[in-house]
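All residue numbers refer to positions in the sequence shown, counting from 1. Small disclaimer: the values here were computed from a predicted structure and weren't measured.
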Amino acid sequence: MDCKQIQYQIPAFLKDELKSRDLMRFLGHMEICEDCKEELTIQYLSSEGISRLEEGKTFDLDRELKEYMEQTERGMMRRRNCILGFVAFEIVAIAMVALTYIYALL
């Protein structure tokens with residue numbers, strides 16, 4: 001994905017609306033692209049910071065955005081591990097059915 005596509009996805013990322021595949025690409029791109037990280041920071045400030053300032057609340061933008069991205073990445077890893085576990089279970093189940101069938105033929 002190019003920067004324009006990634007930057008288009010920032011609002012969906014901030015609303016936690018990206019699908020797993022897009023989320024993986026988004027996070028990977030953010031690790032290497034300073035321009036997109038800067039745009040993410042600006043949009044995060046726009047969406048979160050302004051409302052907090054209006055409420056009189058203080059915040060640490062850099063820390064909170066970093067925590068949000070880390071939390072999202074951990075969630076992505078949990079989803080990936082669940083999928084891998086399910087696939088492994090399915091492979092074992094299919095192998096057991098195949099072995100049962102082969103054994104019955106003997």
message = Using side chain to side chain contact (heavy atoms under 4.5 Å, CB included), reason through E73 and E31 one step at a time and then give a plain yes or no.
response = CA-CA 11 Å; E73 196 166 323; E31 288 180 18; 3.8 Å; yes

Stepwise side chain to side chain contact (heavy atoms under 4.5 Å, CB included) check, D2 with I6: CA-CA 6 Å; D2 64 16; I6 291 295; over 6 Å; no

Taking only distance into account, with no hydrogens and no angle test, what donor-acceptor pairs under 3.5 Å do side-chain atoms of residues 35-43 form with protein atoms, sequence neighbours excluded?
residue, atom, partner, partner atom, Å
K37, NZ, E34, OE2, 3.3
E39, OE2, Q43, NE2, 2.9
T41, OG1, K37, O, 2.9

- Task: Using ring-ring contact (aromatic ring centres under 6.0 Å, His included) as the criterion, list what pairs up with Y68, not counting sequence neighbours.
- Result: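 Only F13 meet the ring-ring contact (aromatic ring centres under 6.0 Å, His included) criterion with Y68.
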
Distance (rounded to the nearest 0.5 Å) between [X] [atom1] and [Y] [atom2]:
X   : Y   : atom1 : atom2 : answer
K4  : Q9  : NZ    : CD    : 13.5 Å
I10 : Y44 : CD1   : OH    : 13.5 Å
E70 : L65 : CD    : CG    : 10.0 Å
M30 : I32 : CE    : CD1   : 10.5 Å
Q71 : E67 : CD    : CD    : 8.5 Å

task = Applying side chain to side chain donor-acceptor pair (under 3.5 Å), name anything that partners Q5, two or more places apart in sequence or on another chain.
result =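 Result, side chain to side chain donor-acceptor pair (under 3.5 Å) vs Q5: none returned.
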
Requested in this report: Taking side chain to side chain donor-acceptor pair (under 3.5 Å) as the test, write out the residues that go with R21, two or more places apart.
Outcome: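 Testing R21 for side chain to side chain donor-acceptor pair (under 3.5 Å), a comparison that skips the adjacent residues, returns none.
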
